[in-house]
Undergrad: 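Please see the structure below; I have some questions.
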Number of protein chains: 2
Amino acid sequence: MVKKIENTEEKIIAAAREVFLRKGMDGARMQEIADEAGINKSLLHYYFRSKDKLFDRVFTETFKNVIDLITEVFSSSITLESFIENFVRGYTSVLIKKPYIANFVLHELSRNPQRVVEHINLTNFDKLKLASLISSEDKNTIRQFNPIQIIVDILALCIFPFVAKPIIKGFMFDGDIEEYNIFIDQRTQHIIEFVKSAVFIQK
Amino acid sequence: MVKKIENTEEKIIAAAREVFLRKGMDGARMQEIADEAGINKSLLHYYFRSKDKLFDRVFTETFKNVIDLITEVFSSSITLESFIENFVRGYTSVLIKKPYIANFVLHELSRNPQRVVEHINLTNFDKLKLASLISSEDKNTIRQFNPIQIIVDILALCIFPFVAKPIIKGFMFDGDIEEYNIFIDQRTQHIIEFVKSAVFIQK
DNA sequence: GTCTATAACCGGATAGAC
DNA sequence: GTCTATCCGGTTATAGAC
């Protein structure tokens with residue numbers, strides 16, 4: 001009964017994603033994943049031999065989402081301005097849909113940096129893309145920042161608000177989730193304007 | 001022999017900080033902390049009743065470092081420009097000295113957001129400070145960004161490069177730690193210029 | 001205060017019935 | 001494929017000698 005196999009497998013993956021994203025590899029419990037999936041603990045081992053393998057499956061899948069997006073943005077942007085806009089829009093829209101991703105990847109990054117870097121290296125996007133976009137701009141219209149600093153700036157501006165959600169919500173907005181949501185809604189546009197203001201010299 | 005007590009306690013705290021910062025609460029092992037401190041595992045329990053209590057001690061202490069710094073910067077800056085400079089310099093200099101702090105706090109933030117927010121709320125720094133600095137500037141010289149967005153921007157720009165160290169080093173610089181260190185050295189100045197370029201309108 | 005030995009517990013993994 | 005019962009290793013925590 002292949003149909004049923006896929007259903008259970010899907011349920012497990014979904015549950016595992018949920019729990020791993022919330023607790024990280026170390027904090028997650030197989031029992032909790034089983035409960036979340038509404039199945040028995042030993043079934044987890046039947047489908048995936050070990051916790052490690054299950055985690056790897058979830059991680060690879062999750063990470064691929066992000067990488068695919070970046071690759072797409074890198075290859076499709078042809079001016080510095082469109083690059084900034086596409087990159088920020090792409091990134092924030094993924095994170096708004098799946099805010100847990102940020103924590104998940106960062107968490108795994110501190111637990112097992114090697115694995116994350118390996119996954120990135122498997123991809124084939126062009127790290128020099130931004131530098132070449134910058135060099136093809138008129139030197140009088142943009143400030144000469146180091147392209148790598150700028151990439152890190154943009155990543156930081158996009159990712160951090162999701163990682164720091166409890167602080168922003170709890171401290172800046174006194175726990176008001178509505179205000180946090182508005183803040184996030186406005187975030188995309190803010191980052192684009194902020195970065196463009198920093199990079200482009202006004203005439 | 002009070003002197004000795006303090007010494008051992010200090011050794012434990014230092015070892016615990018080291019291990020907790022590296023592995024997080026879930027990943028850390030009491031045995032590893034004992035080894036790092038050069039003492040026996042059961043002594044840990046003698047000084048601190050449980051792993052939880054030991055972690056709490058380390059966390060509170062570590063977090064206090066950061067909070068004290070921010071409080072100090074917030075109260076001592078009297079213009080927008082000096083605020084940006086002090087804030088960025090203060091933050092990055094702490095992180096350069098103790099790069100693990102970023103991971104540690106972010107990790108705990110996803111594991112136990114409540115605890116982190118409580119600690120922040122215990123402090124008494126003025127979240128409206130930046131807004132008041134902005135409003136006291138000449139409206140024609142600065143762009144009217146939302147002050148909370150700007151605070152988050154600055155925090156993001158300062159903290160992220162440390163959290164993402166493996167990615168920046170491994171991917172951007174092909175694993176070359178020297179290049180990463182140069183990148184970090186230049187980071188403080190870059191952030192200050194980047195933020196000022198974004199916020200201040202050139203005449 | 002510090003150590004060795006061990007208890008108590010927990011969680012991942014397996015065996016085996018259905 | 002799914003379940004119940006159980007094993008086994010590792011980890012926190014405690015007892016007790018020195």
Side-chain angles (χ1 to χ4, degrees), chain A residues 1-62 104 107-108 110-112 114-115, chain B residues 1-62 103-104 107-108 110-112 115:
Chain A
M1 225 191 260
V2 176
K3 188 82 176 292
K4 192 130 181 229
I5 293 177
E6 286 180 354
N7 281 342
T8 302
E9 194 166 329
E10 278 310 306
K11 271 196 296 187
I12 292 175
I13 294 273
R17 188 185 305 124
E18 186 70 23
V19 176
F20 279 133
L21 259 59
R22 214 163 44 217
K23 304 278 180 77
M25 168 69 180
D26 294 327
R29 294 291 160 255
M30 293 297 263
Q31 185 59 59
E32 196 179 347
I33 295 174
D35 291 347
E36 181 93 22
I39 53 135
N40 191 278
K41 198 173 55 151
S42 48
L43 258 197
L44 297 179
H45 290 94
Y46 175 78
Y47 279 91
F48 305 86
R49 262 172 52 83
S50 67
K51 184 185 183 184
D52 233 49
K53 288 204 170 42
L54 179 54
F55 180 83
D56 198 67
R57 170 72 171 267
V58 170
F59 180 80
T60 305
E61 208 186 272
T62 305
F104 183 59
H107 187 275
E108 184 59 10
S110 75
R111 208 189 68 96
N112 189 353
Q114 200 48 38
R115 160 186 250 146
Chain B
M1 227 191 260
V2 176
K3 189 81 175 293
K4 191 129 181 231
I5 292 178
E6 287 181 352
N7 280 343
T8 302
E9 193 166 330
E10 278 309 306
K11 270 197 295 186
I12 292 176
I13 294 272
R17 190 186 304 123
E18 187 68 22
V19 176
F20 278 133
L21 259 57
R22 215 163 42 217
K23 304 279 179 77
M25 165 71 179
D26 295 326
R29 293 291 161 256
M30 294 296 264
Q31 184 60 59
E32 197 178 347
I33 295 173
D35 292 347
E36 180 93 23
I39 53 133
N40 192 278
K41 202 174 51 157
S42 48
L43 259 198
L44 298 179
H45 292 280
Y46 176 78
Y47 280 91
F48 306 86
R49 259 172 51 82
S50 67
K51 184 184 181 184
D52 234 49
K53 289 203 170 43
L54 178 54
F55 180 83
D56 198 68
R57 171 71 170 269
V58 170
F59 180 80
T60 305
E61 208 186 272
T62 304
N103 274 321
F104 183 60
H107 188 274
E108 185 59 10
S110 75
R111 210 187 67 96
N112 189 353
R115 161 187 250 147

Undergrad: CG/Leu43(B) to NZ/Lys11(B) distance, rounded to the nearest 0.5 angstrom?
TA: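 Here the rounded value is 9.0 Å.
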Undergrad: What residues, two or more places apart in sequence or in another chain, satisfy ring pair (Phe, Tyr, Trp, His ring centres under 6.0 Å) together with Phe48(A)?
TA: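 Phe48(A) satisfies ring pair (Phe, Tyr, Trp, His ring centres under 6.0 Å) with no residue once adjacent residues are dropped.
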Undergrad: Looking at residues at least two apart in the chain, or sitting in another chain, which of them share a side chain to side chain donor-acceptor pair (under 3.5 Å) with Arg115(A)?
TA: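 For Arg115(A) the side chain to side chain donor-acceptor pair (under 3.5 Å) partners, ignoring immediate neighbours, are Asp56(A), Glu108(A).
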Undergrad: Nearest-Å distance, CG (Leu43(A)) to C1' (dA5(D))?
TA: 15 Å
Undergrad: Using 0.5 Å steps for rounding, measure from the CE atom of Met25(B) to the NZ atom of Lys51(B).
TA: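 Interatomic distance, Met25(B) CE to Lys51(B) NZ, rounded to 0.5 Å: 5.0 Å.
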Undergrad: Centre of Phe55(B)'s six-membered ring, under 6.0 Å away, within 45 degrees of the axis: is that where NZ or CZ of Arg111(B) sits?
TA: yes
Undergrad: Quick one: which of Ile13(A), Ile39(A), Leu54(A), Thr8(A) gives a side chain to side chain contact (heavy atoms under 4.5 Å, CB included) with Tyr47(A)?
TA: Thr8(A)
Undergrad: Atom CG of Asp26(B) and atom P of dC10(C): how far apart are they, to the nearest Å?
TA: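 The answer, rounded to whole Å, is 15 Å.
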Undergrad: To the nearest Å, how far apart are Glu32(B) CD and dG10(D) C1'?
TA: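 So the two atoms are 14 Å apart, to the nearest Å.
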Undergrad: In the 5'-to-3' direction, what one-character label does each nucleotide of nucleotides 12-18 of chain D receive under the scheme B = base within less than 4.0 Å of a protein heavy atom, S = sugar-phosphate only, - = no such atom?
TA: BBB----
Undergrad: Rounding to an integer number of Å, can you tell me how far Lys11(B) NZ sits from dT2(C) P?
TA: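 Rounded to the whole Å, the gap is 7 Å.
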Undergrad: Just to verify, what does Arg29(B) make a side chain to side chain donor-acceptor pair (under 3.5 Å) with, not counting sequence neighbours?
TA: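 Residues passing side chain to side chain donor-acceptor pair (under 3.5 Å) with Arg29(B): none at all.
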Undergrad: Just verifying a value: how many Å separate Lys41(B) NZ and Ile33(B) CD1, rounded to the nearest 0.5 Å?
TA: 11.5 Å
Undergrad: Please step through side chain to side chain contact (heavy atoms under 4.5 Å, CB included) for the pair Lys53(B) and Arg57(B), ending with a clear verdict.
TA: CA-CA 6 Å; Lys53(B) 289 203 170 43; Arg57(B) 171 71 170 269; over 6 Å; no
Undergrad: Got a sec? Which of residues 13-21 of chain B come in under 4.0 Å of DNA chain D, heavy atoms?
TA: none
Undergrad: What is the distance, to the nearest angstrom, from the CG atom on Leu44(B) to the P atom on dT4(C)?
TA: 13 Å
Undergrad: List in numerical order all residues of residues 55-62 of chain A for which some heavy atom is under 4.0 Å away from an atom belonging to DNA chain C.
TA: none
Undergrad: Is it true that Asp52(A) and Ser50(A) share a donor-acceptor pair across their side chains at a distance under 3.5 Å?
TA: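 Note: Ser50(A) and Asp52(A) side chains miss the donor-acceptor criterion.
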Undergrad: Any sub-3.5 Å donor-acceptor pair from Ser110(B)'s side-chain atoms to His107(B)'s backbone N or O?
TA: yes
